[in-house]
Trainee: 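Quick one: the structure is below, and I'll ask about it shortly.
Side-chain atoms are counted along with the backbone in the values below, which use heavy atoms only and exclude waters and symmetry mates. Because the structure is predicted, anything quoted here is derived from the model rather than measured.
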Amino acid sequence: MKDFFNLSTPAKRFRFIAVVEAITWAALLVGMAFKYGGGYESAVSVPGALHGAAFVIYLIVTLLTARALRWDIKILALAVIASVPPFFTVWFETWARRKGHLGELSGDAARGSTDEDRDKLTV
(Lines give C-alpha, C1' and ligand atoms only; values in the text may rest on other atoms or scores of the structure.)
Protein backbone atom coordinates (compact mmCIF):
# COMPACT_ATOMS: atom_id res chain seq x y z
CA MET A 1 0.00 0.00 0.00
CA LYS A 2 2.89 2.34 0.74
CA ASP A 3 4.06 1.99 -2.86
CA PHE A 4 0.62 3.14 -4.08
CA PHE A 5 1.37 6.68 -2.88
CA ASN A 6 4.76 6.76 -4.61
CA LEU A 7 4.16 9.15 -7.52
CA SER A 8 7.73 9.27 -8.81
CA THR A 9 7.06 8.03 -12.36
CA PRO A 10 4.39 8.67 -15.01
CA ALA A 11 3.08 5.10 -14.66
CA LYS A 12 2.73 5.42 -10.89
CA ARG A 13 0.98 8.80 -11.23
CA PHE A 14 -1.38 7.28 -13.80
CA ARG A 15 -2.21 4.34 -11.53
CA PHE A 16 -2.91 6.70 -8.61
CA ILE A 17 -5.21 9.06 -10.51
CA ALA A 18 -7.06 6.15 -12.16
CA VAL A 19 -7.99 4.83 -8.72
CA VAL A 20 -8.82 8.31 -7.38
CA GLU A 21 -11.10 8.94 -10.36
CA ALA A 22 -12.95 5.67 -9.68
CA ILE A 23 -13.33 6.50 -5.98
CA THR A 24 -14.80 9.90 -6.79
CA TRP A 25 -17.17 8.19 -9.26
CA ALA A 26 -18.40 6.00 -6.40
CA ALA A 27 -18.88 9.04 -4.16
CA LEU A 28 -20.83 10.79 -6.90
CA LEU A 29 -23.06 7.75 -7.42
CA VAL A 30 -23.80 7.62 -3.69
CA GLY A 31 -24.59 11.34 -3.76
CA MET A 32 -26.92 10.81 -6.72
CA ALA A 33 -28.72 8.07 -4.80
CA PHE A 34 -29.30 10.49 -1.93
CA LYS A 35 -30.36 13.27 -4.29
CA TYR A 36 -32.82 11.30 -6.37
CA GLY A 37 -33.84 8.71 -3.77
CA GLY A 38 -34.03 10.89 -0.70
CA GLY A 39 -34.63 14.34 -2.10
CA TYR A 40 -31.37 15.84 -0.78
CA GLU A 41 -30.61 18.30 -3.57
CA SER A 42 -27.18 19.25 -2.22
CA ALA A 43 -25.94 15.65 -1.93
CA VAL A 44 -24.03 15.84 -5.22
CA SER A 45 -22.35 19.23 -4.82
CA VAL A 46 -19.16 18.09 -3.07
CA PRO A 47 -18.83 14.65 -4.74
CA GLY A 48 -19.61 16.26 -8.09
CA ALA A 49 -16.89 18.86 -7.68
CA LEU A 50 -14.37 16.27 -6.51
CA HIS A 51 -15.20 13.98 -9.40
CA GLY A 52 -15.02 16.83 -11.88
CA ALA A 53 -11.55 17.75 -10.65
CA ALA A 54 -10.41 14.11 -10.64
CA PHE A 55 -11.77 13.65 -14.17
CA VAL A 56 -9.85 16.64 -15.54
CA ILE A 57 -6.67 15.62 -13.71
CA TYR A 58 -7.07 12.06 -15.05
CA LEU A 59 -7.25 13.38 -18.61
CA ILE A 60 -4.16 15.57 -18.13
CA VAL A 61 -2.18 12.75 -16.47
CA THR A 62 -3.30 10.38 -19.24
CA LEU A 63 -1.93 12.71 -21.93
CA LEU A 64 1.35 13.16 -20.05
CA THR A 65 1.65 9.40 -19.46
CA ALA A 66 0.91 8.62 -23.10
CA ARG A 67 3.67 10.98 -24.15
CA ALA A 68 6.19 9.69 -21.60
CA LEU A 69 5.50 6.00 -22.25
CA ARG A 70 5.03 6.45 -26.02
CA TRP A 71 1.51 5.05 -26.22
CA ASP A 72 0.06 4.83 -29.70
CA ILE A 73 -3.19 6.61 -30.52
CA LYS A 74 -5.32 3.49 -29.94
CA ILE A 75 -4.10 3.03 -26.37
CA LEU A 76 -4.49 6.75 -25.68
CA ALA A 77 -8.04 6.68 -27.09
CA LEU A 78 -8.92 3.67 -24.94
CA ALA A 79 -7.55 5.42 -21.83
CA VAL A 80 -9.62 8.53 -22.58
CA ILE A 81 -12.78 6.53 -23.31
CA ALA A 82 -12.25 4.61 -20.05
CA SER A 83 -12.75 7.86 -18.15
CA VAL A 84 -16.45 8.03 -19.08
CA PRO A 85 -18.11 4.88 -17.63
CA PRO A 86 -17.86 4.42 -13.87
CA PHE A 87 -14.79 2.51 -12.65
CA PHE A 88 -13.37 1.85 -16.13
CA THR A 89 -10.20 3.80 -15.32
CA VAL A 90 -9.23 1.01 -12.92
CA TRP A 91 -10.05 -1.59 -15.56
CA PHE A 92 -7.89 0.25 -18.10
CA GLU A 93 -4.99 0.60 -15.64
CA THR A 94 -5.10 -3.15 -14.91
CA TRP A 95 -5.31 -3.98 -18.62
CA ALA A 96 -2.47 -1.60 -19.53
CA ARG A 97 -0.27 -2.98 -16.76
CA ARG A 98 -0.86 -6.58 -17.88
CA LYS A 99 -0.21 -5.72 -21.54
CA GLY A 100 3.06 -3.96 -20.74
CA HIS A 101 1.95 -0.39 -21.40
CA LEU A 102 2.74 0.95 -17.92
CA GLY A 103 6.50 0.69 -17.87
CA GLU A 104 7.89 -0.46 -14.56
CA LEU A 105 4.44 -1.43 -13.25
CA SER A 106 4.02 -4.04 -15.96
CA GLY A 107 5.10 -7.60 -15.24
CA ASP A 108 7.83 -7.95 -17.86
CA ALA A 109 9.27 -4.51 -17.19
CA ALA A 110 9.31 -5.14 -13.44
CA ARG A 111 11.44 -8.24 -13.97
CA GLY A 112 13.93 -6.30 -16.10
CA SER A 113 13.20 -7.79 -19.51
CA THR A 114 13.53 -5.85 -22.73
CA ASP A 115 11.14 -5.60 -25.65
CA GLU A 116 13.16 -8.28 -27.45
CA ASP A 117 12.83 -10.65 -24.48
CA ARG A 118 9.05 -10.24 -24.40
CA ASP A 119 8.65 -12.33 -27.56
CA LYS A 120 10.82 -15.19 -26.28
CA LEU A 121 9.48 -18.14 -24.35
CA THR A 122 11.52 -18.86 -21.28
CA VAL A 123 10.96 -21.85 -19.05
Trainee: Would you kindly confirm whether Trp71 and Leu63 end up in one hydrophobic cluster when ILVMFWY residues are joined by side chain heavy atoms under 4.5 Å apart?
Mentor: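 The answer is yes; both residues are in one hydrophobic cluster.
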Trainee: Quick one: CD1 on Ile75 to CG on Leu102, what's the gap to the nearest 0.5 Å?
Mentor: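 Answer for the CD1-CG pair, Ile75 versus Leu102, is 9.5 Å.
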Trainee: If you round to the nearest 0.5 Å, how far is CD1 of Ile17 from CD of Glu21?
Mentor: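 One gets 7.5 Å once the value is rounded to the nearest 0.5 Å.
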Trainee: Do Leu78 and Tyr58 share a hydrophobic cluster (ILVMFWY, side-chain heavy atoms under 4.5 Å, transitive)?
Mentor: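 Yes.
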Trainee: Given side-chain contact (heavy atoms from CB on, under 4.5 Å), test Arg97 with Arg15 step by step and report yes or no.
Mentor: CA-CA 9 Å; Arg97 185 171 24 89; Arg15 174 184 58 190; 5.6 Å; no
Trainee: Check step by step if side-chain contact (heavy atoms from CB on, under 4.5 Å) holds for Phe87 and Leu29.
Mentor: CA-CA 11 Å; Phe87 314 116; Leu29 291 173; 4.0 Å; yes
Trainee: Going by atom types only, do Glu104 and Thr9 share a side-chain donor-acceptor pair under 3.5 Å?
Mentor: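 A donor-acceptor contact under 3.5 Å links the two side chains.
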Trainee: Roughly how far, to the nearest 0.5 Å, is the CD1 atom of Ile60 from the OG1 atom of Thr65?
Mentor: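 Spacing of OG1 (Thr65) from CD1 (Ile60) equals 11.5 Å.
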Trainee: How long is the straight-line distance from CZ of Arg70 back to CZ of Arg67, given to the nearest 0.5 Å?
Mentor: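 Answer rounded to 0.5 Å: 10.0 Å.
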Trainee: Between Trp25 (side chain) and His51 (backbone), is there a donor-acceptor pair under 3.5 Å?
Mentor: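 Flag not set: sc Trp25 to bb His51 has no pair under 3.5 Å.
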Trainee: For the residue pair Phe4 and Phe16, categorise the inter-ring angle as parallel (less than 30°), tilted (30 to 60°) or perpendicular (more than 60°).
Mentor: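 Geometry flag for Phe16 against Phe4: tilted rings.
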Trainee: Run the side-chain contact (heavy atoms from CB on, under 4.5 Å) check on Ser83 and Thr62 step by step: do they pass?
Mentor: CA-CA 10 Å; Ser83 68; Thr62 297; over 6 Å; no
Trainee: If you count heavy atoms of other groups shown closer than 6.0 angstrom to CZ of Phe92, is the number above 12?
Mentor: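 It does: Phe92 CZ has more than 12 such atoms within range.
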Trainee: Membership question, hydrophobic clusters at under 4.5 Å side-chain separation (ILVMFWY): are Leu28 and Val84 in the same one?
Mentor: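 No: no chain of side-chain contacts under 4.5 Å links Val84 to Leu28.
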Trainee: Do the ring centers of Phe88 and Trp95 come within less than 6.0 Å of each other?
Mentor: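 Centroid separation for Phe88 and Trp95: 6.0 Å or greater.
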Trainee: Same cluster or not: Phe55 versus Trp91, using hydrophobic residues (I, L, V, M, F, W, Y) connected whenever any side-chain heavy atoms lie under 4.5 Å apart?
Mentor: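 Phe55 and Trp91: one cluster.
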Trainee: Once rounded to the nearest 0.5 Å, what's the spacing between atom CG of Leu59 and atom CG of Leu64?
Mentor: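 It is 11.0 Å, given to the nearest 0.5 Å.
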Trainee: Give a yes or no on whether Val20 and Phe5 share a hydrophobic cluster (residues Ile, Leu, Val, Met, Phe, Trp, Tyr; joining criterion: side-chain heavy atoms under 4.5 Å apart).
Mentor: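 Val20 clusters together with Phe5.
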Trainee: Does CZ in Phe34 sit with more than 12 non-hydrogen atoms of other residues, nucleotides or ligands closer than 6.0 Å?
Mentor: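 For Phe34, atom CZ is not crowded (no more than 12 foreign heavy atoms under 6.0 Å).
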Trainee: How long is the span from the CD1 atom in Ile57 to the CZ atom in Arg13, to the nearest 0.5 Å?
Mentor: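 Rounded to the nearest 0.5 Å, the CD1-CZ separation comes out at 13.0 Å.
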Trainee: Of the non-hydrogen atoms in Val44 and Lys35, which two are nearest, and what is the gap between them?
Mentor: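 Val44 and Lys35 have their closest heavy atoms at CG2-CD, 3.9 Å.
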Trainee: Between Lys12 and Leu105, is a side-chain contact (heavy atoms from CB on, under 4.5 Å) present by the stated rule, with each step listed?
Mentor: CA-CA 7 Å; Lys12 290 176 181 179; Leu105 297 179; 4.1 Å; yes
Trainee: Please give me the minimum heavy-atom distance between Gly100 and Ser106, naming the atom from each residue.
Mentor: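 Heavy atoms of Gly100 and Ser106 come nearest at CA-OG, 3.2 Å.
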